[in-house]
Amino acid sequence: MDLENLKEYCLNKKGVWIDFPFDEENMVFKVGSKMFALTNINSERFWVNLKCDPFLSEKLREEYKGIIPGYHMNKKHWNTVYINEDVPDEKIKWLIDISYDLVFKSLKKSEKDEIKGS
């Protein structure tokens, strides 16, 4: 997986848009008003931060060297996933789906309804 594949996969989800709220390097994928994925577009080691259920996060961190507590994030709820290491692309896509779903569920009803209607 490369940056273009990551962008394409994330942007194919309903209500997703890209933002650069921190600087020109950290690309944030948002659903509605909330972030569900973050990556640095200039990092030598390609990674993405994704929200995850805390219990599942622990299991994944035990299973893969390429999944660690979220860098600069709430380490209970976010993982940093190193891409093109020991985590298969299909597993990364599954983790993106989980992150998107968790964040979508946390949106206000009005935001969810607007996204569902678009």
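Position 1 is the first residue of the sequence, and the numbers go up from there.
In this structure, the side chains of D19 and F29 stay at 4.5 Å or more apart for every pair of heavy atoms. Using a 4.5 Å heavy-atom cutoff, the side chains of I18 and M27 are in contact. Side chains of I83 and V48 form a contact here, defined as non-hydrogen atoms less than 4.5 Å apart. Counting only heavy atoms from C-beta outward, the side chains of L6 and T39 approach each other to under 4.5 Å. Two residues are said to be in side-chain contact when any heavy atoms from C-beta on lie closer than 4.5 Å; H77 and P54 meet this criterion. No side-chain heavy atom of V81 sits under 4.5 Å from any side-chain heavy atom of F46.
Classification of D113 and K109 as a salt-bridged pair holds, one side-chain N sitting under 4.0 Å from a carboxylate O. Taking the charged nitrogens against the carboxylate oxygens, R61 and E58 do have a contact shorter than 4.0 Å, which makes a salt bridge.
Among all heavy-atom pairs drawn from Y64 and P88, the shortest one is CE2-CD, 3.7 Å. Residues K116 and K14 come closest through the heavy atom pair O-NZ, 3.2 Å.
Looking only at distances, a side-chain donor or acceptor of S57 sits under 3.5 Å from a matching main-chain atom of D53. Judged by distance alone, with hydrogens and angles left aside, the side-chain atoms of S99 form no donor-acceptor pair with the main-chain N or O of L50 at under 3.5 Å. A donor-acceptor pair under 3.5 Å is formed between the side chain of S106 and the backbone N or O of V103.
Within 6.0 Å of the CD atom in E25, the count of heavy atoms belonging to other residues, nucleotides or ligands exceeds 12. At most 12 heavy atoms of other shown residues, nucleotides or ligands fall within 6.0 angstrom of atom NZ in K76. No more than 12 heavy atoms of other residues, nucleotides or ligands sit less than 6.0 Å from atom OH of Y71.
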Worksheet entry | Y9 and D97: CA distance, side-chain angles, deciding distance, side chain to side chain donor-acceptor pair (under 3.5 Å) verdict | CA-CA 10 Å; Y9 191 79; D97 294 345; 2.7 Å; yes

Discussion item. side-chain contact (heavy atoms from CB on, under 4.5 Å), that's the test. Do N49 and N79 meet it? Break it down for me.
Written reply: CA-CA 6 Å; N49 281 352; N79 286 324; over 6 Å; no

Fill in: K59 and E62: CA distance, side-chain angles, deciding distance, salt bridge (Lys or Arg N to Asp or Glu O under 4.0 Å) verdict
CA-CA 5 Å; K59 293 250 180 233; E62 291 171 7; 5.2 Å; no

Practice prompt. Would you please test I115 and V31 for side-chain contact (heavy atoms from CB on, under 4.5 Å) and show each step?
Written response: CA-CA 9 Å; I115 291 167; V31 55; 3.9 Å; yes

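The CG atom of L107 sits 11.0 Å away from the CZ atom of F36 when rounded to the nearest 0.5 Å. The CD atom of E111 sits 9.0 Å away from atom CZ of F104, with the distance rounded to the nearest 0.5 Å. The distance from atom CG of N5 to atom SG of C10, rounded to the nearest 0.5 Å, is 11.0 Å. Rounding to the nearest 0.5 Å gives a distance of 6.0 Å between NZ of K91 and CG of L60. Note: D86 CG to I67 CD1 = 7.5 Å, rounded to the nearest 0.5 Å. Rounding to the nearest 0.5 angstrom, the gap separating the CD1 atom in I92 from the CG atom in N84 is 7.0 Å.
With side-chain heavy atoms closer than 4.5 Å counting as contact, directly or through intermediates, the hydrophobic cluster containing V28 also holds F22, M35, L38, W47, I68, M73, W78, Y82.
Both cation-pi conditions hold for K13 and Y100: the charged atom is under 6.0 angstrom from the six-membered ring centre and inside a 45 degree cone around its axis.
Following chains of ILVMFWY side-chain contacts shorter than 4.5 Å, one cannot reach I41 starting from W17, and the two form parts of different hydrophobic clusters.
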